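Only one structure is covered here, and it is reproduced in the block below.
What's counted below: heavy atoms across the whole structure, side chains too, no hydrogens, waters or symmetry copies. Each residue takes its place number in the sequence, starting with 1. In this text the structure is predicted, and so the values were computed from the model without any measurement. All ligand and atom numbering here is 1-based and tracks the order in the structure.
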Amino acid sequence: MITLLDYGAGNVRSVRNAIKKLGFEIKDAASAKDINQAEKLIFPGVGSFGSAMTRLRELGYIDALRDYLLADRPFLGICLGLHTLFAGSEESPGIEGLGIIPGAVSRFDLGLAPLAIPHIGWNGIQRRKDSVIFDNYENEKLYFVHSYRAMETEANRGWILTTTNYGEEFISSINRGNVCATQFHPEKSGAAGLKILRNFLAADKVLELNSKPAAADSETKLAKRIIACLDVRSNDNGDLIVTKGDQYDVRNEGEVRNLGKPVELASRYFNEGADEITFLNITGFRDFPLEDQPMLEVLKRTSEQVFVPLTIGGGIRDFTDSRGRDYSALDVASEYFRSGADKISIGSDAVYTAEKYLRLGRHDNPISRISARYGSQAVVISVDPRRIYVKDETEAAGHHVIKTTLPGPNGEEYCWYQCTVKGGREGRDLDALTQAQICEKLGAGEILLNCIDRDGTNMGFDLELINLIRDNVGIPVIASSGAGCPAHFAEVFAGTKAEAALAAGIFHRREVPIGEVKDYLTNTGVEIRK
Ligand code: 1PR
């Protein structure tokens, strides 16, 4: 029997699903006594350091947890579950951690390195010693998502199990005796992660083996991510389907294009090696997602079968239902997290938020509220821009105008990227870069950068747009729209600093399998997860 320490802060559904998938039973810790009586305890921390420690204190769990750890009983902490073992964290100054490991966790300090924070994606590990949890581990990459990390010191050296490189070398897991914790998410690291989790769950001996690994691992590298995107909506019969637009028009001869069933397709992409899956509830701007229960069901079922990160977007905004009940954007996001999402993506409402920011300055807004609760790494902003051509830089005053190598219909050599809302139906007086920069300031952790002009065209990504945004924000950017062949992925990684590339049509129509994209990238020297 495995005891799960879920203090109700976010998505622990995936940890639960992974444990079940491996055939183990789980009991939730509902009191300090349950912690005392646990045979093995898993602590998947979610949210910010401060909110996690405060919640543990409110629940009266701190002493029980400390006693459990000091008695060297089997423990696996994940992500924030690693951070809380330290004395404190720069993320939440003044809040005490469990203090099992000396020192504090701090924010990545990358200096001039052109690397985005959060560190999101698949990276490797370098082992310092041997542990049961890495039995049969074959150097596969593992999934990380965090802005804070623990660094090696004289005092914590004995705890370090592995380190990882991202601008600096940070601690990616610890193990001493029976207590271990990982910065990466085994439950989201595909087959490699499940293997690590199984090793912990099945171990009947002390986890730390204390011998040095035979060969030193080499410096690790973050992989570029390949993301499969599923645009989901109801068709005219009311069935939830995956569709795909042509410059956002999803109808063909009046019918909504039907490219398959959401859960089946997501599972297929997981098995084919997608590094992440994104669902966009594309009619969420008019249908309220919490009334659209099938979408939540899709997420729940997918998270039982898919062990890579899941993002969901569509309809994250304040809403009053037909009975007059009010829901906040945070309520909608929370329901998505509870149903299995690791990240949520905000489209239209992020545009309205940025517009309000330009009028009023900092104000109470959904981006900041959701990222304060769940961490900025869980908040993606989906931008749906289209090109507006102008004759010179002065014609679009107040907007970021670029000189383009792809002139407009009347030979215009300049353009700006206009933000749209409601699935591209309405253009706004806001440019994509201003939008991205404001959202970053308000707490967003990643930009999903679509492009209406390229969507569904198979012409390749709009590199000018991607460079404009990525070169002027400090958070990761997912390049989206227009992928038509493997060479387009190589082009986007060679020609821009995008951290990930997303595609829909070519995968749905089986024109190019994900494996073929990855083989092509490997051959062109791009770091990817195999
Ligand atoms: O505004 O918060 O409710 O969110 C709605 C979300 O739904 C937004 O993220 C918006 O991008 C998306 N959306 C709305 N309408 C459409 C549509 O197509 N009619 N989908 C739509 C946009 C997503 C793209 C696509 C890529 C790759 N499509 O990410 O998957 O362009 O396509 P490709 O590889 O086939 O070229 P809110």
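- Every atom of ligand 1 is numbered from 1 in the order shown, and the set under 4.0 Å from a heavy atom of Leu280 is 7 (O), 9 (O), 23 (C), 29 (O).
- Annotation: Ile316 places no N or O atom under 3.5 Å from an N or O atom of ligand 1; distance criterion only.
- When only interatomic distances are considered, the shortest N/O to N/O separation between Arg425 and ligand 1 does not fall below 3.5 Å.
- Counted by atom type alone, Tyr269 and His508 present one or more donor-acceptor pairs between their side chains at under 3.5 Å.
- Under a 4.0 Å criterion applied to the non-hydrogen atoms of Ser481, ligand 1 contributes the atoms 26 (C), 27 (C), 31 (O), 36 (O).
- Inclusion of Arg454 in the set of residues having an N or O under 3.5 Å from an N or O of ligand 1 is not warranted.
- For Glu412 and Lys391, the salt-bridge test fails: no basic side-chain N is under 4.0 Å from an acidic carboxylate O.
- Between Ile226 and Leu502, every side-chain heavy-atom pair lies at or beyond the 4.5 Å cut-off.
- Close approach of ligand 1 to Ala503 is summarised as follows: ligand atoms under 4.0 Å from at least one heavy atom of the residue are 34 (O).
- Taking the six-membered ring where tryptophan is involved, the planes of Phe108 and Phe170 are perpendicular, since the angle between them exceeds 60° and thus also 30°.
- The atoms of ligand 1 that sit less than 4.0 Å from any heavy atom of Ser480 are 24 (C), 26 (C), 27 (C), 29 (O), 31 (O).
- For ligand 1, the atoms sitting less than 4.0 Å from at least one non-hydrogen atom of Asn450 are 11 (O), 23 (C), 24 (C), 29 (O), numbered in the order shown with element in parentheses.
- No N or O atom of Gly245 sits closer than 3.5 Å to an N or O atom of ligand 1.
- Atom 28 (N) of ligand 1 has its closest protein heavy atom at Asp231 OD2, 2.9 Å.
- Between Ser51 and Ser48, the side chains place a donor N or O and an acceptor N or O closer than 3.5 Å (distance only, hydrogens not considered).
- Note: no N/O pair closer than 3.5 Å links Ser345 and ligand 1 by distance alone.
- Taking any N or O of Gly315, backbone or side chain, at least one lies under 3.5 Å from an N or O belonging to ligand 1.
- Of all the heavy atoms of Leu502, the ones lying under 4.0 Å from any atom of ligand 1 belong exclusively to the side chain.
- Enclosure of atom CZ in Arg301 is not indicated, since only 12 or fewer non-hydrogen atoms of other residues, nucleotides or ligands lie within 6.0 angstrom.
- The pair Glu355-Arg428 counts as a salt bridge, with a side-chain nitrogen and a carboxylate oxygen less than 4.0 angstrom apart.
- Residue Ser382 has at least one N or O atom closer than 3.5 Å to an N or O atom of ligand 1.
- Side-chain atoms of Ser172 and Thr164 form a donor-acceptor pair, as typed in the model, at a separation below 3.5 Å.
- Not a single N or O atom of Thr457, backbone or side chain, sits closer than 3.5 Å to an N or O atom of ligand 1.
- A donor-acceptor contact closer than 3.5 angstrom links the side chains of Thr405 and Glu464.
- Donor-acceptor pairing under 3.5 Å is recorded for the side chains of Arg387 and Tyr389.
- Atoms of ligand 1 found under 4.0 Å from any heavy atom of Gly505 (numbered from 1 in listed order, with element): 33 (P), 34 (O), 35 (O).
- Here atom 14 (C) of ligand 1 lies nearest to Gly423 when heavy atoms of Gly460, Gly423, Gly347 are compared.
- Against a heavy-atom cut-off of under 4.0 Å, Ser348 is close to the following atoms of ligand 1: 1 (O), 2 (O), 37 (P).
- Electrostatic pairing of Glu527 and Arg225 does not count as a salt bridge here, judged by no charged N lying under 4.0 Å from a carboxylate O.
- Residue contacts with ligand 1: Asn281 is placed with no nitrogen or oxygen under 3.5 Å of a nitrogen or oxygen of the ligand (distance criterion only).
- Atom 19 (N) of ligand 1 has Tyr248 O, 2.8 Å as its closest protein atom, hydrogens excluded (heavy atom only).
- For ligand 1, the atoms sitting less than 4.0 Å from at least one non-hydrogen atom of Cys229 are 29 (O), 30 (O), numbered in the order shown with element in parentheses.
- Of all the heavy atoms of Ile282, the ones lying under 4.0 Å from any atom of ligand 1 are found in both the backbone and the side chain.
- Side chains of Ser14 and Asn17: no donor on one and acceptor on the other come within 3.5 Å.
- Side-chain N/O atoms of His83 and Gln183 include a donor and acceptor closer than 3.5 Å.
- Judged purely by distance below 3.5 Å, without hydrogens or angles, the side chains of Thr243 and Asp231 never pair a donor atom with an acceptor atom.
- Backbone and side-chain nitrogen or oxygen atoms of Ala504 are examined, and one is located within less than 3.5 angstrom of a nitrogen or oxygen of ligand 1.
- Residue contact annotation: Gly456 has a non-hydrogen atom under 4.0 Å from ligand 1.
- Counting only heavy atoms of the protein, atom 5 (C) of ligand 1 lies nearest to Gly314 CA, 3.9 Å.
- Nearest non-hydrogen protein atom to atom 25 (C) of ligand 1 is Asp455 OD1, 3.5 Å.
- Within the 4.0 Å heavy-atom cutoff, Asp384 counts among the residues contacting ligand 1.
- Checked for salt-bridge contact, Asp275 and Lys518 meet the test: a charged N lies under 4.0 Å from a carboxylate O.
- Selection from Lys244, Arg317, Arg233, Arg251 by nearest heavy atom to atom 32 (O) of ligand 1 gives Lys244.
- Surrounding CD of Glu264 are more than 12 heavy atoms belonging to other residues, nucleotides or ligands, all under 6.0 Å away.
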